[in-house]
S.K.: 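Before we start, here is the structure in question, set down as structure tokens.
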Amino acid sequence: MADSSPESGARRPQFGSRLLSDPARVFHHNAWDNVEWSAEQAAAAQRKVQENSAQRVCPEKQVDYETNAHKYWNDFYKIHENGFFKDRHWLFTEFPELAPIQNQNHLMDLLSENKRSEVPECRSNADGPGLITEEQHECSSHSLGHKTQTLPVEEKVTQKLSHLEISADEFPGSSATYRILEVGCGVGNTVFPILQTNNDPRLFVYCCDFSSTAIQLVKTNSAYDAARCFAFVHDLCDEDQSYPIPRDSLDVIILIFVLSAIVPEKMQKAITRLSRLLKPGGMMLLRDYGRHDMAQLRFKKGQCLSENFYVRGDGTRVYFFTQDELDTLFTTAGLEKVQNLVDRRLQVNRGKQLTMYRVWIQCKYRKPLVANTG
Ligand SMILES: C[S@@+](CC[C@H](N)C(=O)[O-])C[C@H]1O[C@@H](n2cnc3c(N)ncnc32)[C@H](O)[C@@H]1O
């Protein structure tokens with residue numbers, strides 16, 4: 001097979017296509033896919049988790065992390081603004097649903113021009129010391145422009161939506177025919193690539209986050225276009241707060257490293273509420289941390305909140321999923337599996353000769369065309 005590494009300038013391959021067959025070549029690329037874990041490595045990971053989970057955070061602190069979760073994320077974004085999470089052009093190869101079909105050939109041409117090396121997710125210093133690679137700190141060149149004002153029309157819509165009674169023909173994006181919602185969008189590192197690469201006039205993109213600081217950064221980004229996008233503050237765990245979109249109206253919902261940030265007991269209701277917003281045939285897409293990811297193994301004693309759920313030094317929290325747990329969450333919400341895969345990836349810092357074993361899970365679940373009555 002021809003070399004399709006980002007360095008070669010060729011189109012970025014889907015995950016799963018670069019395999020390390022000769023361990024001596026480990027430092028020849030930045031990342032290797034589907035890395036097999038030996039029994040010893042798996043057992044060592046299990047032991048690490050037992051060790052770092054032995055001591056739990058006290059109940060008072062647990063209440064604080066839950067009650068003030070949005071404040072901890074606000075603080076995070078006040079410090080890092082939009083220089084922390086890198087834009088993700090891999091999105092379109094992994095999730096072609098983000099680009100309407102008629103655009104895909106053109107999209108692939110655009111992407112092949114993009115020679116940036118791909119880093120799947122780049123939560124770093126808060127996960128533990130020493131995890132940061134140089135490229136993970138690299139800031140997106142096109143996510144830094146800021147506007148100073150939001151549009152008055154949008155303000156009016158926001159006010160109207162705060163007294164929610166969504167009518168089927170009066171909501172932002174109501175005239176669009178392809179609607180995407182990103183939940184927990186942060187500073188827009190998924191939303192802006194979608195808006196920039198997909199110029200289909202029938203597309204409308206919604207994005208929300210419970211961090212008002214993050215949403216402010218999205219709205220003041222020069223790439224934010226209120227005619228094509230609607231960003232709003234929303235807590236996906238808040239059952240009393242409606243989404244500003246009617247039921248059965250979305251083609252795609254995206255969750256990128258966000259479900260892991262909420263308390264496990266609230267995950268099911270959050271997913272069930274979101275699934276109601278999908279059109280029949282609509283898709284829920286997720287990429288998130290898998291069990292025994294390097295970030296989980298790096299936690300120290302005293303940072304565990306509950307099984308596989310931890311708090312970082314900055315007060316933000318993270319859960320590490322198995323494929324079965326995610327399958328249960330989505331199928332209980334009435335969705336059908338299209339994809340549920342584990343991406344075991346060996347990331348390499350060639351400069352520092354470091355190896356990092358990452359575990360991510362990628363899921364696609366579809367709302368059935370006919371309601372599941374069984
Ligand atoms: C790890 S970051 C990922 C951000 C973004 N999806 C990305 O990939 O760059 C997790 C995001 O989820 C948001 N978040 C956490 N809990 C949330 C909740 N209950 N409701 C809405 N957003 C939430 C945080 O504010 C943060 O922006």
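When a ligand or atom number is given, it counts from 1 through the structure's own listing order. Residue numbers start at 1 and run along the sequence shown.
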S.K.: Of all the atoms in ligand 1, which lie at a distance below 4.0 Å from a heavy atom belonging to Cys237?
M.R.: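 Within the 4.0 Å cut-off of Cys237, ligand 1 contributes 19 (N).
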S.K.: Report yes or no: does a heavy atom of Tyr77 sit under 4.0 Å from some atom of ligand 1?
M.R.: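 For ligand 1, residue contact (heavy atoms, under 4.0 Å) with Tyr77 is present.
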S.K.: Between ligand 1 and Lys266, can you find any atom pair, the residue atom being a heavy atom, that is separated by under 4.0 Å?
M.R.: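 Checking ligand 1 against Lys266, which is what was asked, there is no heavy-atom contact under 4.0 Å.
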S.K.: Ion pair present between Glu40 and Arg47, side-chain N to carboxylate O less than 4.0 angstrom?
M.R.: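 No salt bridge links Glu40 with Arg47.
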S.K.: As an exercise, identify every atom of ligand 1 less than 4.0 angstrom from a heavy atom of Phe257.
M.R.: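 Taking each heavy atom of Phe257 in turn, ligand 1 has 1 (C), 2 (S), 3 (C), 10 (C) under 4.0 Å.
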S.K.: Taking 4.0 angstrom as the limit and counting only heavy atoms of Gly184, give me the atoms of ligand 1 inside it, by number and element.
M.R.: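 Checking each atom against Gly184, I get 4 (C), 5 (C), 6 (N), 11 (C), 12 (O), 22 (N).
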S.K.: If you count the atoms of ligand 1 from 1 in the order shown, which ones are under 4.0 Å from a heavy atom of Gly186?
M.R.: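 So the answer, numbered in order with elements, is 27 (O).
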S.K.: Hey, does Thr190 sit under 4.0 Å from ligand 1 if you only count heavy atoms?
M.R.: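 Contact absent.
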S.K.: Quick check on contacts: which atoms of ligand 1 are under 4.0 angstrom from a heavy atom of Asp235?
M.R.: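 Checking each atom against Asp235, I get 18 (C), 19 (N), 20 (N).
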S.K.: Assess Arg317 against Trp73: is NZ or CZ under 6.0 Å from the centre of the six-membered ring, and within 45 degrees of the ring's axis?
M.R.: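 No, Arg317 and Trp73 do not form such a contact.
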S.K.: Checking side-chain polar atoms at under 3.5 Å, does Thr272 have a donor or acceptor matched by the opposite partner on Gln268?
M.R.: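 Yes, side-chain donor-acceptor contact under 3.5 Å.
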S.K.: Checking contacts here: is it the side chain or the backbone of His234 that comes within 4.0 Å of ligand 1, counting heavy atoms only? Could be both or neither.
M.R.: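 Backbone only; the side chain of His234 stays clear of ligand 1.
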S.K.: Check whether any N or O atom of Phe210, backbone or side chain, sits under 3.5 Å from an N or O atom of ligand 1, and answer yes or no.
M.R.: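 Among all N and O atoms of Phe210, at least one is under 3.5 Å from an N or O of ligand 1.
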S.K.: Is there a donor-acceptor contact under 3.5 Å linking the side chains of Glu325 and Tyr319?
M.R.: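 A pair is found: one side chain offers a donor N or O, the other an acceptor, under 3.5 Å apart.
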S.K.: If you measure from atom 2 (S) of ligand 1 to every heavy atom of Phe76, Tyr289, Trp73, which option wins on shortest distance?
M.R.: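 Selected option, by shortest heavy-atom distance: Trp73.
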S.K.: As an exercise, identify every atom of ligand 1 less than 4.0 angstrom from a heavy atom of Ala261.
M.R.: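 So the atoms of ligand 1 that pass are 15 (C).
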S.K.: Yes or no: does Cys185 have any heavy atom under 4.0 Å from an atom of ligand 1?
M.R.: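 A heavy atom of Cys185 does come that close to ligand 1.
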